[in-house]
2 protein chains.
Amino acid sequence: MKATIYDVAKAAGVSIATVSKVINNTGNMRDTTRQKVKETMEKLNYQPSLMASALTGKGTETLGLLVPDISNPFFSEIAKTIEDRAHESGMSVIICSTDENTEKEKKYVELLQRKQVDGMIVASSFHNIEILKGVVDRKIPLVMLTQDDAGLGVTSISVDDFKGGYEATSHLLSEGHRDIVIIAEYAKSSKHRIYGYLEAHEEHGIKTSEENIIRTVASIENGRECLRKIVEKGKVPTGIFACNDLIAVGVIQEANEMGLNIPEDLSIVGFDNTILATTTVPGLTTIAQPITEMGKRVVDVIISEIKDKNQKKEHVLFKPQLIIRGTTAVKKR
Amino acid sequence: MKATIYDVAKAAGVSIATVSKVINNTGNMRDTTRQKVKETMEKLNYQPSLMASALTGKGTETLGLLVPDISNPFFSEIAKTIEDRAHESGMSVIICSTDENTEKEKKYVELLQRKQVDGMIVASSFHNIEILKGVVDRKIPLVMLTQDDAGLGVTSISVDDFKGGYEATSHLLSEGHRDIVIIAEYAKSSKHRIYGYLEAHEEHGIKTSEENIIRTVASIENGRECLRKIVEKGKVPTGIFACNDLIAVGVIQEANEMGLNIPEDLSIVGFDNTILATTTVPGLTTIAQPITEMGKRVVDVIISEIKDKNQKKEHVLFKPQLIIRGTTAVKKR
DNA sequence: CTGAAAGCGCTAACAC
DNA sequence: GTGTTAGCGCTTTCAG
C-alpha cells in the first residue's frame, strides 16, 4: 500500500506531528530531525494525501473551470492560460464543458462543490443563474470570465464587447461598406457587440435596420447557414461582422462555395482571434481578445478571493484589438 | 458553514449511519425513513463531501489526463470526448498540459497521485518514462493514448500509424507524385508513419531518400519553416505529407506566401483531421483519427481497469481514414 | 524542540 | 431497521 504519514513517522522514529511539520514547513525543530524525516519520506516514496489534508480544513488547491465546450479553440486557448497560471500558483484545474446545457450546468456545479474546489471560474455563458447563486451563497469564490456578472455581485472579467463591436463595424464602414450584416450569438456579450455595431453606424451617419441583425449559435455550420439565409433573402451585403471566428469561418467557407470572392465581393470581420483566424485564406480580420492576459487575471483574482473572501468585486474590462488580415478590403462592388 | 452528515442526521432525527445509507443507496430501511432523510438533505442543501468519502477507501472518482497542450485542437477535441465519456460514467477529469516538458511531467504526475486520481490517461507523448513506471508500480491504472506503451506493460490505444502513413503516401503516389517529402515529429507515432511512407514507396516501386524525411515539433510556425528550408535546398517536391494538421497548415500558409498554388504546384496531406483541416482553403486532405471512438474507448478501458486491476493489457489499434479534400490533386507539374 | 490527542466528514462492520 | 464505533491520513493546538 501507499506510505502514510504514520509509516514515515515510524521509520524516522518521530511522531506524525513532526512529520506533518516538515511536510508543511512549519514549526521549529532541530535541523537534523527535519533532515532525517525528509530522507525517510524520500526513501519511502511518500506523497502526502491531498484528500486527507483537504479534509482537515486546508483547501483542495483546485479550481473549477466551466466552459461551454473545451473543444472550441477559443475556450481551449483560454483553458490553457488558466491552467498554466493556476499551476504557477500551486492550483490545479478541473475543466467541465457545459454544452450550453442547463442539466449539465447543474450537475457540474454540484460536482465541483462536492469536490470542494476552492473557487470557480465560469466562462462565457451560463444559463442557470440560480445555480450560480447557490455557489455564491455558499461563499465559494466565483468569477465570471467573458460575460457579465448577471447580478450575482461577483467580479467579472471580459473584453470590452461594446468597443469591439464598434471597432469591427467602424473598420467595415470606413472601408466604404454600407450594407453590413452582423451575425450575433444569443449571449449577453453579443448584445454589447450589437450596440457597438449600432453606435458605429450612428456615428458614421449611416442607418441600418433590424433586418441586418441576425442571431445564431456559434459553429461553423451555423455560420454557413446564416450566409445561405442572408443570400436567400435577396440582397447580399458587402460586409459581415460575425461575432466570433467560428461563425466567420463558416461564412468564409460558404462564400467560397457560392463563388463569392473574399474580400472583393464580401468583407468579413470575426471576433476572438483564435487560431482559426490564422488558418483561413485569406487570414481573417478579427477583433482580438487578450486571451493570455485575461486568463492570468482571472486566476489571480480568484486566488486573491480565495485568500480573502469579501474582497471588493470589480468588473474588469480588457481592451479589444482590431487585427486586420485579408478578409476585409475597401468596398469594390 | 456547509451542512455535514451530522447536521442531516440530527435534523432528520436519525443516525449518521442511516444518512450514509441513503446517500449511497445501500442497506435496507423503512421507506418512510429514507424519504424523511432525503427531504432533510434537500432542505439543508446537503452535498456529501467527496473528499471525506475518498478518504475512507472509496475512489476519488476522478481521472487524470495528461496531454502535451490542451490548446492544440487535436488534444482539445480528444479531451472533450474523454470528458464527456468520463462524466457519463460518473467520473470527472483533471487535465494537465505537460508542454513536452520533463519537469512538468513529473510535477503533474505527482500532483495527480497526491490527488489520488483513480486512473491516468497519458496522451500522445511523454518523455520521462521513469515517472510513469512509478505510477504503474503504485498500481494506479494507466493507459496510453495515441502512443505505444513504451515497455510499461499497460494498455495503449492508438490509430494505426503505419497504415495512416502508408495511405497518405499512397494517395500522393497514386496521383502521380514522385517527389514526396514527409515532415515528421520526433514522437514514436511519427516513426511508424515514416515506415508507412517508406512502405508505400517500395510497393509502388518508387525510391525515396533520407533527405525527404525531415523532422520538427508540431506547430504552424515550424510547418512554415520546414517548407522554407525545403525550398532553400533547391528542389521543390510536388507532394508533402505532414504528420499532423498543424504542420500542414503552416506549409499551406507558407506555400501561399511563396506564390505556390495548392494543389496545382504542391499537394499536401495532413494527419489528424482536426477542425483546422476544415478551415483551410482549400480544405486539407488528411488522415482522420477516429477521435470520438478512441476517446470513448480509453475511458472505458481505464474504468474497467479501475474496477478490476490486473486486467489483460492490450494494444488497441484504430483504423485511420483518408479524407480527401482540396489540397491534393493529380500531379500537373 | 517534540509528541499526544482531538477532530475533519464519511464508510463499513457490527451491535442492538 | 437503525445506531455505535472504529478508522481513513492529515493538521493543529496544547502539553511536556
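Predicted model only: the values in this text are computed from it and were never measured. Residue numbers start from 1 in every chain, and the chains themselves are labelled A, B, ... in the order their sequence lines are given, proteins ahead of strands.
Relative to the axis of its first five pairs, the axis of the last five pairs of the helix from dC1(C)-dG16(D) to dC16(C)-dG1(D) sits at 40°, rounded to 10 degrees.
Rounded to an integer number of Å, the gap from Arg114(A) CZ to dG9(C) P is 15 Å. Ile5(B) places its CD1 atom 12 Å from the P atom of dG3(D), with the value rounded to the nearest Å. One atom, CE of Met51(A), and another, C1' of dC10(C), lie 14 Å apart when rounded to the nearest Å. At whole-Å resolution of the value, NZ in Lys36(B) and P in dT2(D) are 8 Å apart. Rounded to whole Å, the distance from CD on Gln116(A) to C1' on dC10(C) is 11 Å. Residue Lys115(B) contributes atom NZ, which lies 16 Å from atom C1' of dG9(D) at whole-angstrom precision. Rounded to whole Å, the distance from CG on Asp7(A) to C1' on dG9(D) is 10 Å. The CE-C1' distance, from Met41(A) to dG9(D), rounds to 15 Å in whole Å.
For the 3.5 Å distance criterion, the side chains of Thr102(A) and His127(A) fail to qualify, holding no donor opposite an acceptor. In the model, Ser97(A) has no side-chain atom that pairs as donor or acceptor with a side-chain atom of Asp69(A) under 3.5 Å. When only modelled atom types and interatomic distance are considered, Gln147(A) and Ser158(A) share no side-chain donor-acceptor pair under 3.5 Å. Checked by atom type, the side-chain pair Gln289(A)/Asp272(A) shows a donor-acceptor distance below 3.5 Å.
Nearest heavy atom pair, residue Arg34(B) against residue Thr26(B), reads NH2-O, 4.0 Å.
Sequence order on DNA chain C of the closest nucleotides to Thr26(B) and Leu55(B) puts Leu55(B) first from the 5' end.
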task = Check step by step if side chain to side chain contact (heavy atoms under 4.5 Å, CB included) holds for Ile94(A) and Leu65(A).
result = CA-CA 6 Å; Ile94(A) 297 183; Leu65(A) 171 61; over 6 Å; no
ask   = Are Lys313(A) and Glu305(A) close enough, and set up right, to give a side chain to side chain contact (heavy atoms under 4.5 Å, CB included), and what steps lead you there?
value = CA-CA 9 Å; Lys313(A) 311 303 187 229; Glu305(A) 293 210 356; 3.7 Å; yes
inquiry  = Walk me through whether Asp99(A) and Lys80(B) qualify under salt bridge (Lys or Arg N to Asp or Glu O under 4.0 Å).
reply    = CA-CA 10 Å; Asp99(A) 286 329; Lys80(B) 182 67 182 347; 3.2 Å; yes
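A donor-acceptor contact under 3.5 Å is formed by the side chain of Tyr6(B) with the base of dC10(C).
Minimum atom distance to the side chain of Ser49(A) is reached by dG9(D), of the listed dG9(D), dC10(C), dT12(D). Comparing dC10(D), dC8(D), dA12(C) by their nearest atom to the side chain of Thr56(B) picks out dC8(D).
One finds no side-chain N or O of Ser20(B) lying less than 4.0 angstrom from the OP1 or OP2 phosphate oxygen of dC10(C).
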Extract from the structure each pairing of a protein N or O with an N or O of nucleotides 1-5 of chain C at less than 3.5 Å, listing the distance.
| from | atom 1 | to | atom 2 | distance (Å) |
| --- | --- | --- | --- | --- |
| dT2(C) | OP1 | Thr33(A) | OG1 | 2.5 |
| dT2(C) | OP2 | Arg30(A) | N | 2.9 |
| dT2(C) | OP2 | Thr33(A) | OG1 | 3.2 |
| dG3(C) | OP2 | Ser15(A) | N | 3.0 |
| dG3(C) | OP2 | Thr18(A) | OG1 | 2.8 |
| dG3(C) | O6 | Lys21(A) | NZ | 2.9 |

Under 3.5 Å donor-acceptor pairs involving side-chain atoms of residues 292-300 of chain A, not counting sequence neighbours:
| from | atom 1 | to | atom 2 | distance (Å) |
| --- | --- | --- | --- | --- |
| Asp300(A) | OD1 | Arg85(A) | NE | 3.0 |
| Asp300(A) | OD2 | Arg85(A) | NH2 | 2.9 |

